[in-house]
Amino acid sequence: MQDARFVRVLLRRPDLRTPFPRKFAERLRGQTVVRVARRGKYLLVELSSGDTLVMHLGMSGAFSVAAGPSAERAEADRHDHVVFEMSPHAIVTFNDPRRFGFMDLVTRKAMPGHAALSKLGPEPLSPDFDAAALARACKGRKTSLKVALLDQRVVAGIGNIYASEALHRAGLSPRRKASTIATRTGAPLAGAVRLTAAIKAVLIDAIERGGSYAATRGHRFRVYEREGEPCLTKKCRGTIKRITQMGRSTFFCPTCQK
DNA sequence: CCGCGGGCCTGAGAGC
DNA sequence: TGCTCTCAGGCCCGCG
């Protein structure tokens with residue numbers, strides 16, 4: 001991807017969740033890719049111009065890459081909203097049926113103050129994210145542990161599946177108040193230590209299995225989408241339950257998650 | 001500041 | 001077959 005050049009950018013509609021910025025295609029054309037990075041759920045492509053292409057897949061967004069010139073490309077799907085024609089020959093297509101994804105071009109100057117990016121919590125797999133950091137972020141929070149994990153300011157990048165998965169792995173109930181894993185002084189309790197380790201383990205596991213949601217579809221999660229099925233924790237005879245928290249499904253085992 | 005509800009979109013599947 | 005309903009991996013906005 002490094003040194004790849006944007007030859008042509010095709011927008012097949014004016015917006016995703018938000019409108020594309022003015023002159024989006026023009027500003028990309030001719031730029032080369034300096035670096036590809038990620039922050040939380042945001043994809044960042046640094047360009048030779050100094051701008052950063054900031055992208056989010058939302059719920060249903062996906063990229064596909066095809067080698068070869070565009071002329072050889074098959075008929076576009078109705079949800080293929082953006083096509084990047086790269087040099088050397090590669091066609092990168094963004095498909096997103098629900099259009100909850102978005103793309104933006106941010107200048108070097110505007111990057112530090114970016115509304116969404118600047119509020120993100122620590123990267124879960126970085127050393128910055130430890131039990132003390134999690135405890136601090138949960139301190140004083142009246143909301144549930146599950147909802148706290150979905151808050152990208154607490155820790156960046158956890159979604160609805162892995163919030164449930166991590167809590168099961170840590171043996172913590174999603175219904176617990178987030179503040180109960182931190183002491184009043186902010187020192188981490190055993191729960192924070194276990195949850196931090198569980199989050200890291202769940203993510204590493206997912207990445208090793210192929211990373212994406214699509215790639216994990218075939219494998220059985222520990223609790224996600226397993227309502228009514230037996231708990232997989234050793235020696236636990238519990239049954240997975242599904243509840244709704246803040247309008248979103250949570251799966252957990254009431255027997256081994258306290 | 002926090003917590004919560006609604007809205008944004010389309011598609012898949014269940015039930016009638 | 002077709003309608004209606006619910007649910008889906010995320011985030012933003014406005015309210016209290």
Side-chain angles (χ1 to χ4, degrees), chain A residues 11-21 38-44 54-64 76-82 94-104 106 113-121 124 136-168 174-182 186 199 202-203 205-207 209-228 240-252:
Chain A
L11 300 184
R12 304 191 58 235
R13 54 173 301 126
D15 56 9
L16 295 171
R17 197 168 67 75
T18 58
F20 290 101
R38 179 197 55 74
R39 180 76 176 95
K41 298 174 191 172
Y42 295 84
L43 307 173
L44 310 173
V54 178
M55 303 183 282
H56 197 295
L57 301 179
M59 299 247 260
S60 58
F63 284 100
S64 62
D77 180 275
R78 60 181 291 235
H79 299 301
D80 285 350
H81 305 308
V82 185
F94 180 71
N95 182 283
D96 186 4
R98 288 178 75 180
R99 300 205 307 277
F100 282 178
F102 86 94
M103 293 191 189
D104 197 6
V106 183
H114 192 278
L117 291 174
S118 60
K119 288 183 197 149
L120 292 177
R136 213 180 307 125
C138 289
K139 189 181 157 192
R141 287 229 163 208
K142 300 181 86 176
T143 196
S144 69
L145 207 40
K146 159 71 175 345
V147 170
L149 286 186
L150 290 182
D151 187 334
Q152 302 298 297
R153 293 169 299 186
V154 171
V155 52
I158 309 289
N160 201 43
I161 293 177
Y162 297 121
S164 283
E165 295 293 292
L167 287 166
H168 182 259
R175 296 200 262 222
R176 260 171 82 137
K177 280 206 187 310
S179 58
T180 63
I181 64 165
I199 288 167
V202 157
L203 294 178
D205 207 43
I207 291 165
R209 288 174 188 274
S212 73
Y213 175 76
T216 56
R217 255 329 252 205
H219 114 266
R220 301 296 296 176
F221 296 107
R222 298 167 67 110
V223 289
Y224 190 77
E225 287 185 332
R226 291 194 64 243
E227 183 182 17
I240 305 306
K241 295 280 183 289
R242 174 185 173 277
I243 59 173
T244 299
Q245 295 178 290
M246 290 293 291
R248 316 205 55 196
S249 286
T250 300
F251 296 85
F252 74 115

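Reminder, nothing fancy here: chain letters follow the sequence lines and each chain counts from 1. Quick note: numbers below take in every heavy atom, side chains included, and nothing from hydrogens, waters or symmetry partners.
- The P atoms of dC9(B) and dG14(C) are separated by 16 Å, rounded to the nearest whole Å.
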Mind running side-chain contact (heavy atoms from CB on, under 4.5 Å) on Lys119(A) and Gln152(A) for me, showing each step along the way?
CA-CA 8 Å; Lys119(A) 288 183 197 149; Gln152(A) 302 298 297; over 6 Å; no

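- Residue ring and base: Phe100(A) counts as stacked with dC8(B) (centre distance below 5.5 Å, interplanar angle below 30°).
- By the side chain to side chain donor-acceptor pair (under 3.5 Å) test, Arg248(A) pairs with no residue at all, sequence neighbours left out.
- Separating the NZ atom of Lys142(A) from the C1' atom of dG3(B) is a distance of 9 Å, rounded to the nearest angstrom.
- Ser249(A) comes within contact range of the sugar-phosphate backbone alone, with a heavy-atom separation under 4.0 Å but no base atom that close.
- Legend: residues meeting side chain to side chain donor-acceptor pair (under 3.5 Å) with Arg17(A), ordered by chain and number and at least two apart, are absent.
- Between the C1' atom of dC7(C) and the CD1 atom of Ile243(A) lies a distance of 17 Å, rounded to the nearest Å.
- Between the CG atom of Asn160(A) and the P atom of dC11(C) there is a distance of 11 Å, rounded to whole Å.
- The CZ-P distance, from Arg248(A) to dG7(B), rounds to 17 Å in whole Å.
- Checked against side chain to side chain donor-acceptor pair (under 3.5 Å), Arg12(A) has no partners two or more places apart in sequence or in another chain.
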So which protein nitrogen or oxygen atoms get under 3.5 Å of nucleotides 12-16 of chain C's nitrogens or oxygens?
none

Fill in the dot-bracket string of DNA chain C, one character per base: . for unpaired, | for a pair to another strand, ( ) or [ ] for pairs within the strand, taking Watson-Crick or G-U pairs under 3.5 Å.
.|||||||.|||||||

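- Relative to the side chain of Lys41(A), the nucleotides dG10(C), dC4(B), dG3(B) differ in distance, and dG10(C) lies closest.
- Take Phe100(A) and apply the ring pair (Phe, Tyr, Trp, His ring centres under 6.0 Å) test, not counting sequence neighbours, and it matches no residue.
- Phe252(A) meets the ring pair (Phe, Tyr, Trp, His ring centres under 6.0 Å) test with no other residue; sequence neighbours excluded.
- The gap from the P atom of dG6(B) to that of dT6(C) amounts to 13 Å, rounded to the nearest Å.
- Rounding to whole angstrom units, NZ of residue Lys146(A) and C1' of dC4(B) are separated by 15 Å.
- If you take CE of Met246(A) and P of dG3(B), they are 9 Å apart, rounded to a whole angstrom.
- As a whole-Å value, the separation of Asp96(A) CG from dG10(C) P is 13 Å.
- For Ala137(A), the side-chain contact (heavy atoms from CB on, under 4.5 Å) partners two or more places apart in sequence, or in a different chain, are Val154(A).
- By the side chain to side chain donor-acceptor pair (under 3.5 Å) test, Ser60(A) pairs with Asp96(A), sequence neighbours left out.
- Each of Arg153(A) and Gly247(A) lies near DNA chain B, and the nucleotide nearest Arg153(A) is the one positioned closer to the 5' end.
- At whole-Å resolution of the value, CD in Gln152(A) and C1' in dG10(C) are 8 Å apart.
- By the side-chain contact (heavy atoms from CB on, under 4.5 Å) test, Arg39(A) is found to be paired with Leu44(A), Leu117(A), Leu120(A), Glu123(A), Ala156(A), residues two or more places apart in sequence or in another chain being considered.
- In this pair, Tyr162(A) and Phe221(A) present their aromatic rings perpendicular. The plane angle is above 60°, beyond the 30 to 60° band.
- Listed by chain and residue number, Lys177(A) satisfy the side-chain contact (heavy atoms from CB on, under 4.5 Å) test with Ser179(A) (two or more places apart in sequence, or in another chain).
- Each of Thr143(A), Thr250(A), Asn160(A) was compared with Gln245(A) under the side chain to side chain donor-acceptor pair (under 3.5 Å) criterion, and only Thr250(A) meets it.
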Under 3.5 Å, which N/O atoms of the protein pair with N/O atoms of nucleotides 10-12 of chain B?
residue: dT10(B); atom: O4'; partner: Pro97(A); partner atom: O; Å: 3.4
residue: dT10(B); atom: O3'; partner: His79(A); partner atom: NE2; Å: 3.2
residue: dG11(B); atom: OP1; partner: Arg78(A); partner atom: NH1; Å: 2.4
residue: dG11(B); atom: OP1; partner: His79(A); partner atom: NE2; Å: 2.6
residue: dG11(B); atom: OP2; partner: Arg78(A); partner atom: NH1; Å: 3.2

